[in-house]
Amino acid sequence: MTDEEIPRGLDHLMEQNATELPFLAAYGAEMDGASIDVEALFSGVEAFLSSRRVEFDIDEVSITYHATSITKHEEGLLIKIEQEHLPLVHSDLDRVGFVEGRLNDDRSGLSVILQMWGSEHRRFLERLVEFTTA
């Protein structure tokens with residue numbers, strides 16, 4: 001077996017992903033009660049929307065596009081959407097990094113506070129962007 005045929009080990013995976021982890025940590029909340037960097041979260045969501053070519057309005061405290069508003073909040077970013085037939089269920093808002101999640105029974109609106117930025121949170125916003133910009 002040559003060096004090229006040796007399977008990648010844990011050390012290689014950790015080295016390969018080392019650049020991703022600090023980036024994600026910069027946008028995430030510390031779960032030990034430390035404060036949440038709302039500014040970093042806001043910048044991260046702005047960069048995410050820009051990378052998806054979403055046209056949005058932005059000021060110092062909020063981002064708005066279509067039926068969505070994302071506003072700085074003392075506990076994170078408050079996301080509100082008013083649009084019929086949202087592609088979500090209540091459990092989508094009941095995950096780590098989301099607090100005070102509310103989804104109307106008829107799925108016509110939601111509000112949730114985003115406190116972390118990770119792959120699950122990015123996928124959540126991707127689903128909303130695809131739905132609200134379609």
Quick one: pull up [atom1] in [X] and [atom2] in [Y] and give me the separation to the nearest 0.5 Å.
X      : Y      : atom1 : atom2 : result
Glu60  : Glu39  : CD    : CD    : 8.5 Å
Asp92  : Leu103 : CG    : CG    : 8.0 Å
Leu114 : Phe124 : CG    : CZ    : 8.0 Å
Leu128 : Leu110 : CG    : CG    : 6.0 Å
Asp37  : Ser43  : CG    : OG    : 8.5 Å
Leu41  : Phe48  : CG    : CZ    : 13.5 Å

Side chain to side chain donor-acceptor pair (under 3.5 Å) involving Asp105 - partner list, sequence neighbours excluded: none

Stepwise side-chain hydrogen bond (donor to acceptor under 3.5 Å, both in side chains) test for Asp59 and Ser62: CA-CA 6 Å; Asp59 60 32; Ser62 67; 3.2 Å; yes

Would you mind writing out the side-chain donor-acceptor pairs for residues 82-89 within the sub-3.5 Å range, not counting sequence neighbours?
none

Check whether any side-chain heavy atom of [X] sits under 4.5 Å from a side-chain heavy atom of [Y], and report yes or no.
X      : Y      : answer
Trp117 : Val45  : yes
Ile63  : Phe42  : yes
Ile58  : Glu46  : yes
Gln115 : His121 : no
Tyr65  : Asp57  : no

Spell out, as yes or no, whether a donor-acceptor pair under 3.5 Å connects the side chain of [X] to the backbone of [Y].
X      : Y      : answer
Thr68  : Thr64  : no
Asn104 : Arg107 : no
Lys72  : Leu78  : no

Listed partners of Glu100 passing side-chain contact (heavy atoms from CB on, under 4.5 Å), at least two apart: Glu75, Arg102, Ile113

Closest heavy-atom pair and its distance - His73, Val38: O-CG2, 3.4 Å

His66-Phe56 aromatic ring centre distance below 6.0 Å: no

Arg52/Glu130 under salt bridge (charged side-chain N to carboxylate O under 4.0 Å, His left out): CA gap, chis, key distance, verdict: CA-CA 10 Å; Arg52 300 301 187 270; Glu130 286 176 11; over 6 Å; no

same_hphob_cluster(Ile81, Phe131) at 4.5 Å side-chain heavy-atom cutoff: yes

Val99 with Ile70, same ILVMFWY side-chain cluster at under 4.5 Å: no

